[in-house]
Colleague: 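My questions will all concern the structure given below.
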Amino acid sequence: MSGTDDRYNVKETESKWQSVWAERNCFHVQNDGQNPKFYVLEMFPYPSGRIHMGHVRNYALGDVLARYKRARGFDVLYPMGWDAFGLPAENAAIERGVHPAKWTYENIAAMRAQLKPMGLSYDWEREIATCDPDYYRHEQKMFLDFLKAGLAYRKESWVNWDPVENTVLANEQVIDGRGWRSGAPVERRLLSQWFLKITEFAEDLLNGLKTLERWPDRVRLMQENWIGRSEGLRLFFDLDGMTDSRIEVYTTRPDTLYGASFVAIAANHPLAIKLAETNPELASFIAECNRLGTSEAVLETAEKKGFATGLTALNPIVEGQKLPVYVANFVLMDYGTGAVFGCPAHDQRDLDFARKYGLSVTPVVAPPGVAASDVIIGDEAFTEPGVLINSGPFDGLSVADAKAQMIDIAEERGIGQRSVNYRLRDWGVSRQRYWGCSIPIIYCPDCGAVPVPETDLPVRLPEDVTFDKPGNPLARHPTWKHVSCPHCGKPAERETDTFDTFFESSWYFARYCSPKDQSQGIDPKAAARWLPVDQYIGGIEHAILHLLYARFFTRALKRCGYLDIDEPFTGLLTQGMVCHETYKSEDGHWLFPEEVEKTDGGRVIVSASGQPALVGRSEKMSKSKRNVVDPDAIIRTYGADTARLFMLSDSPPERDLEWTAAGIEGAFRFVNRLWRMVMFPAAPLAPKESVIPALSGEALALRRQIHKTIVAVSEDLERFHYNRAVARIRELANAVADLPPETEGAGWVLREGLETLVQLAG
RNA sequence: GCGGACGUGGCGAAACCGGUAGACGCAGCAGACUUAAAAUCUGUUUUUCGUAAGAAAGUGCGGGUUCGAGUCCCGCCGUCCGCACCA
């Protein structure tokens, strides 16, 4: 061995093969292939400007699967693109005066340049960017089709409004009742917004979860809870002395009707608003409720408060029972009917409320085996199932039976009906933003909301916009929004809101099937060939929003004739985060990993000053805590194979991965070791086409292990036990290295062993 | 509060159906090569006792089922995650 040749030259080798792959267009896949198909997809990135380790892990997982499936004879669709609309581009425009489009496309170029040396086997010919009019024009058409199909509508709704920024904020952008950037108290405002009717598919989305056998249970459960199906009764309460109005209540506990002690309605319930017209005190109570945000912190500390309206409701089941009617801050207008009856003995919230306002507490369910006279309600409501008491003819029934009978009776008497309720609400897609897809609607004073004619699509974003003032640049653009009505030709105005950016990510997987198709966006033949996605890989943080929206969108597109599938992703892998220790200097500043070093004594010091550094717990890599490692630097030093091997070696994919410098060194050593084994074999290799010699002893044992390893690694890969697959490959490498060179047949087995190793490792 | 996941050496982990606990790797220790270092190779490494052969204990804690439990059941403790005034 000479000093220069005994070490693997990462740069030369990797760039050589990468350019060979590029020249031969190795990973391009045609839509009309003859082999069985397999579609591998990673959640596409937002072009923030730099690749981070989370991306590297995500794409390493996908790439291994794509290569494995190709090796098993599948035509593999494995594309990459950019989720390119979004707020950071506008922030860059505000802060640095760069146009969002320029900023975004420059970031895409930078990230693509970082991705290429990773040697991922993408079909780059299918690359898309969602901010491209050739992408979003189809999305505008889809919206118009949804509108025709009754799946999109416009309505007034309460939103989080930031009075300083003049825009709607998402719930996630409201922190402790204040706007995350402006710090101004968020107001609740009634605004006209476009909605997609996701609730139409609530039942179907719920049932569909059962078919997603290759999804993590955790994600299915989260979606199930999010959809939040409940069964109960809608029931009318007449008001004493009023014939023109009554209150409709939704309850899942009709069995507790005999224990009712009040009725409460939401602050923005129509009846409350009507009463407030003549009652200034109530009006100010309602205003107070509306001022309260909907953030967790506010809700947790908010006291249960009610305002007695003076009205009396009549219990429709219990004759003669009269109940005071309150407007209460804990009743939500968006859920059920915006009105509840309170049964303090069996609902904690109702009990708190009843104690505060001195209302009666009558237990109507006894725990099994407890006599009616022994049931005492203190500070805790009894919410478990039991046997009915104090409920007239229903005494002695089980909770389940009483529910059923109560519902039957209400239906017979025509005062209520069985009802299924969902927590899921329709998806508000309007955003008062510039850098998004325009909602293709024109408002005419005479004709109302008129769809933009399909021949006028796409509605392009104007480029000459300013970001010097708060608010939506589209709304204040001098000419863009002024158009004539497509119906009557009179002066009209464009919708200046854009779509929520989850809109783009709800169908991009279908666009990859025919990324250049101009006429329809999704070519039915291509979609039939590739969809659904066989394996989707991404972070758990999208367990609900993106994955639920995409499942809904797929159903909506099916109804409008675009697609012929129900579920977009049959397999889902949610990968864990990439974590790293955190470091702080003694004066409390976060330090980058390269700013500290470990001493021989095992202490950690700040390299520049020699002062001790404080080591914090390992957390998800984030810029704010500076516990980040730049993938570029790693790939430059160790190469893509090393980075990817390390990503797969230690932790199972679903679990968090602790990034360590020692770990990457270990992976690098193995890559080098393999290279040496191939370049300088221990025994002369048998010629390629030679006949299998008769084997015995250690050579035979090794041959057995080689084939066992092939089987085991395949199984491990099928089950995403990538860390185990790596361990087995390393075991085989050890075994190959241990084979005595003088063994009979060594040359032959060695060749087979090495070929296998190279194939499996590749 | 509700729902869920997890808990195994100094560290990341493995153990598929209940059958040799700790594969594979990291770190450590000892050695070989070297003037030396790096790299590489060899050995060793759960803990306690023992010079050793060996013995005992051991998968968060306490019980149980079983010939046999990291794995199954019951009850705790801890960590993490999701949802949360949902009637």
Side-chain angles (χ1 to χ4, degrees), chain A residues 1 3 6-7 216-230 232-235 249-254 256 260 263-266 289 292 294-305 328-343 346-350 352-353 380-381 383 421-425 540-541 543-544 574 576-577 579 598 602 617-619 645-646 648-652 654-670 672-673 676 680 712 715-716 719 721 723-734 737-738:
Chain A
M1 278 189 220
D6 62 355
R7 218 177 145 112
D217 289 343
R218 182 155 78 118
V219 175
R220 289 199 275 178
L221 198 73
M222 278 162 77
Q223 292 213 355
E224 195 181 314
N225 292 339
W226 187 264
I227 294 167
R229 185 182 194 275
S230 72
L233 171 68
R234 280 167 181 264
L235 184 67
V249 149
Y250 173 72
T251 179
T252 56
R253 293 297 304 271
T256 64
V263 167
I265 60 176
C289 291
L292 271 182
T294 46
S295 76
E296 274 179 40
V298 172
L299 291 179
E300 220 162 90
T301 51
E303 212 181 333
K304 310 270 171 289
K305 275 190 190 166
N329 65 351
F330 65 85
V331 180
L332 306 173
M333 192 59 221
D334 316 321
Y335 186 79
T337 57
V340 298
F341 81 82
C343 176
H346 305 291
D347 182 289
Q348 192 59 44
R349 203 185 33 221
D350 293 347
D352 296 344
F353 190 80
E380 264 185 51
T383 54
N421 226 300
Y422 299 94
R423 207 189 76 106
L424 184 70
R425 300 193 210 140
I540 185 77
E541 67 272 17
I544 295 177
T574 51
M577 299 178 295
C579 299
K598 291 204 166 73
R617 60 173 222 159
S618 181
E619 291 182 57
L645 178 65
F646 174 61
L648 303 173
S649 318
D650 275 358
S651 296
E654 319 79 51
R655 224 178 288 181
D656 287 352
L657 174 90
E658 172 71 16
W659 179 275
T660 59
I664 195 82
E665 289 281 349
F668 187 54
R669 269 203 290 274
F670 183 71
N672 275 292
R673 183 165 174 234
R676 276 195 309 274
F680 311 103
E715 274 173 16
D716 286 341
R719 294 186 205 161
H721 294 168
N723 53 327
R724 259 186 6 186
V726 171
R728 290 195 200 274
I729 291 168
R730 294 183 111 128
E731 266 178 283
L732 181 60
N734 290 344
D738 286 346

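Convention: sequence-line order gives letters A, B, ...; per-chain numbering from 1.
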Colleague: Quantified in whole Å, what is the P atom distance between nucleotide B:C61 and nucleotide B:A69?
Modeller: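 It works out to 15 Å between them.
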Colleague: Would you mind reading off the distance between A:I664 atom CD1 and B:G12 atom C1', rounded to a whole angstrom?
Modeller: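 It works out to 14 Å between those atoms.
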Colleague: Within the 4.0 Å heavy-atom criterion, would you say A:E658 contacts the bases, only the backbone, or no part of the nucleic acid?
Modeller: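 A:E658: no heavy atom of the nucleic acid under 4.0 Å.
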Colleague: Considering every strand and a 4.0 Å limit on heavy-atom distances, what is the contact class for A:N723: base, sugar-phosphate, or nothing?
Modeller: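 If one applies the 4.0 Å heavy-atom cut-off, A:N723 turns out to touch the sugar-phosphate alone, with no base involved.
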Colleague: For A:E380, is there any backbone N or O sitting under 3.5 Å from a side-chain donor or acceptor partner on A:Q348?
Modeller: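 Judged by distance alone, no pair lies under 3.5 Å.
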Colleague: Select one nucleotide: of B:G25, B:G12, B:U42, the one nearest the side-chain heavy atoms of A:S651.
Modeller: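 That would be B:G12.
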Colleague: Using OP1 and OP2 only, check whether a side-chain N or O of A:R673 sits under 4.0 Å from B:U40.
Modeller: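 A:R673 to B:U40 OP1/OP2: no side-chain N or O under 4.0 Å.
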Colleague: When the P atoms of B:G22 and B:A14 are compared, how many Å lie between them, rounded to an integer?
Modeller: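 Rounded to whole Å, the distance is 15 Å.
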Colleague: Counting heavy atoms from C-beta on, name the nucleotide in B:U40, B:A87, B:C85 closest to the side chain of A:R669.
Modeller: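 Nucleotide nearest to A:R669's side chain: B:U40.
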Colleague: Using O4'-C1'-N9-C4 for purines and O4'-C1'-N1-C2 for pyrimidines, with syn meaning within 90° of 0, is B:G9 syn or anti?
Modeller: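 Here the answer is syn: the torsion falls within 90° of 0.
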Colleague: Please report, rounded to the nearest Å, how far the P atom of B:C83 is from the CG atom of A:L424.
Modeller: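 Atom CG in A:L424 sits about 14 Å away from atom P in B:C83.
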Colleague: Taking atom C1' in both B:G10 and B:C2, what distance in whole Å separates the two?
Modeller: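 Pairwise C1' distance, B:G10 against B:C2, rounds to 39 Å.
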Colleague: Quick one: is A:R220 getting a side-chain N or O under 4.0 Å of the B:G3 phosphate, OP1 or OP2?
Modeller: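 It does not, given that no N or O in the side chain of A:R220 lies less than 4.0 Å from OP1 or OP2 of B:G3.
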Colleague: For A:D650 and B:G12, what is the distance between atoms CG and C1' respectively, to the nearest whole Å?
Modeller: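 Distance, rounded to whole Å: 5 Å.
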Colleague: Could you tell me the separation between the NE2 atom of A:H721 and the P atom of B:G12, rounded to a whole number of Å?
Modeller: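 Distance check: A:H721 NE2 to B:G12 P gives 19 Å.
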Colleague: Checking base pairs now: Watson-Crick or wobble, both atom distances under 3.5 Å. What partners B:C2?
Modeller: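 By the stated definition (distances under 3.5 Å), B:G82 pairs with B:C2.
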Colleague: B:G12 and B:U46: how far apart are their C1' atoms, nearest whole angstrom?
Modeller: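 Straight-line distance between the two C1' atoms is 16 Å.
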Colleague: For a quick check of understanding: with a heavy-atom distance under 4.0 Å over all strands, which category does A:R425 fall into, base, sugar-phosphate or nothing?
Modeller: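 Base contact - A:R425 has a heavy atom under 4.0 Å of at least one base atom.
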Colleague: In whole angstrom, what separates A:E665's CD from B:C11's P?
Modeller: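 Taking atom P of B:C11 as the reference, CD of A:E665 is at 22 Å.
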Colleague: Measure from the side chain of A:T251, starting at C-beta and using heavy atoms only, and say which of B:A87, B:U42, B:C85 lies closest.
Modeller: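 Taking heavy atoms from C-beta onward, the closest nucleotide is B:A87.
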Colleague: What I'd like to find out is whether the side chain of A:N734 reaches to under 4.5 Å of the side chain of A:R673, using heavy atoms alone.
Modeller: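 The answer is yes, as the side chains (C-beta and beyond) meet within the 4.5 Å cut-off.
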Colleague: Send over the distance from A:D347 CG to B:C85 C1', rounded to a whole Å.
Modeller: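 Between C1' of B:C85 and CG of A:D347: 10 Å.
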Colleague: Could you state the CD-P distance from A:E715 to B:A23, rounded to the nearest angstrom?
Modeller: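 It works out to 21 Å between those atoms.
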Colleague: What is the nucleic acid contact for A:D217, judged by heavy atoms within less than 4.0 Å: base, sugar-phosphate only, or nothing?
Modeller: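 It contacts nothing in the nucleic acid.
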Colleague: Do you know which two heavy atoms are closest between A:F353 and A:K304, and how far apart they sit?
Modeller: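 Shortest heavy-atom separation between A:F353 and A:K304 comes out as CD1-CB, 4.2 Å.
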Colleague: Given the P atoms of B:U34 and B:U44, what is the spacing between them in whole Å?
Modeller: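 The same atom, P, in both gives a distance of 24 Å.
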Colleague: Starting from the 5' end of RNA chain B, give me the residue, A:E731 or A:I544, whose nearest nucleotide shows up first.
Modeller: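 Result: A:E731.
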Colleague: Please report the distance separating the P of B:G18 from the corresponding atom of B:C72, rounded so that it comes out in whole Å.
Modeller: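 Per the computed distance, 8 Å lies between those P atoms.
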Colleague: Could you tell me the Watson-Crick or G-U partner of B:A14, where both distances fall under 3.5 Å? Say none if there is no partner.
Modeller: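 Check on B:A14: unpaired, no WC or wobble geometry under 3.5 Å.
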Colleague: A:N225 or A:S649: which one's nearest nucleotide on RNA chain B is closer to the 5' end?
Modeller: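 Residue closer to the 5' terminus by nearest nucleotide: A:N225.
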Colleague: Compare all side-chain heavy atoms of A:Y250 with those of A:S230 and state whether any distance is below 4.5 angstrom.
Modeller: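 A:Y250 reaches A:S230 side chain to side chain.
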Colleague: Decide yes or no for A:V331 and A:I265: does some side-chain heavy atom of the first lie under 4.5 Å from some side-chain heavy atom of the second?
Modeller: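 A:V331 vs A:I265: side chains apart.
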Colleague: More than 12 non-hydrogen atoms from neighbouring residues, nucleotides or ligands closer than 6.0 Å to CZ on A:R218, yes or no?
Modeller: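 At most 12 heavy atoms, drawn from other residues, nucleotides or ligands, come within 6.0 Å of this atom.
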Colleague: Between B:G54 and B:C6, how far is it from one P atom to the other, in whole Å?
Modeller: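 That atom pair is separated by 39 Å.
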Colleague: If we take the P atom in both B:U59 and B:U47, what is their distance in whole Å?
Modeller: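 It comes out at 15 Å once rounded to the nearest Å.
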Colleague: Quick one: is A:Y335 getting a side-chain N or O under 4.0 Å of the B:A87 phosphate, OP1 or OP2?
Modeller: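 Checking A:Y335 against B:A87: at least one side-chain N or O falls below 4.0 Å of OP1 or OP2.
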Colleague: Could you classify B:C61 for me, syn or anti, using a glycosidic angle within 90° of 0 as syn?
Modeller: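 Base orientation relative to the sugar is anti.
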Colleague: Please determine, for B:U34, whether a Watson-Crick or G-U wobble partner exists with both distances under 3.5 Å, and give it or none.
Modeller: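 WC or wobble partner does not exist here.
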Colleague: Closest approach of A:I544 and A:M222, non-hydrogen atoms and distance?
Modeller: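 Scanning both residues, the minimum pair turns out to be CD1-O, 3.9 Å.
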Colleague: Check the distance between B:A13's C1' and A:L645's CG and give it to me in whole angstrom.
Modeller: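 Atom CG in A:L645 sits about 15 Å away from atom C1' in B:A13.
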Colleague: Where the side chain of A:V340 is defined as all heavy atoms beyond and including C-beta, which of B:A87, B:U42, B:A14 is the nearest nucleotide?
Modeller: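 For A:V340, the side-chain atoms sit closest to B:A87.
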Colleague: So which nucleotide from B:A87, B:C24, B:U40 ends up closest to the side chain of A:R676?
Modeller: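 Per side-chain heavy atoms of A:R676, the pick is B:U40.
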Colleague: With both distances under 3.5 Å as the test, what is the Watson-Crick or G-U wobble partner of B:C61?
Modeller: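 Pairing partner: B:G75.
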Colleague: Please give the nucleotide sitting opposite B:G22 as a Watson-Crick or G-U wobble pair, both distances under 3.5 Å, or none.
Modeller: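 No nucleotide pairs with B:G22.
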Colleague: What closest approach, in Å, do A:E658 and A:F646 show between heavy atoms, and which atom pair accounts for it?
Modeller: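 The pair with the smallest heavy-atom distance is O-CZ, 3.8 Å.
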Colleague: Check the phosphate of B:A84 against A:R423, side-chain N and O only, distance under 4.0 Å to OP1 or OP2. Yes or no?
Modeller: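 A:R423 to B:A84 OP1/OP2: side-chain N or O found under 4.0 Å.
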Colleague: Can you identify which nucleotide, out of B:A13, B:C85, B:C24, has its nearest atom closest to the A:K304 side chain?
Modeller: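 The listed nucleotide nearest to A:K304's side chain is B:C85.
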Colleague: Below 4.0 angstrom, N of the basic side chain to O of the carboxylate: do A:R253 and A:D347 qualify?
Modeller: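 Here A:R253 does not pair with A:D347 in a salt bridge, since their nearest N and O are not under 4.0 Å apart.
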Colleague: Would you classify A:L221 as touching base, sugar-phosphate or nothing, given that sugar-phosphate means primed atoms plus P, OP1 and OP2, and contacts are heavy atoms under 4.0 Å?
Modeller: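 Sugar-phosphate only.
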Colleague: Answer with base, sugar-phosphate or nothing: what part of the nucleic acid does A:R218 contact at a heavy-atom distance below 4.0 Å?
Modeller: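 Since only primed, P, OP1 and OP2 atoms lie under 4.0 Å of A:R218, the category is sugar-phosphate.
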Colleague: Over all strands shown, is A:V331 touching base, sugar-phosphate only, or nothing at heavy-atom distances under 4.0 angstrom?
Modeller: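 The residue A:V331 makes base contact.
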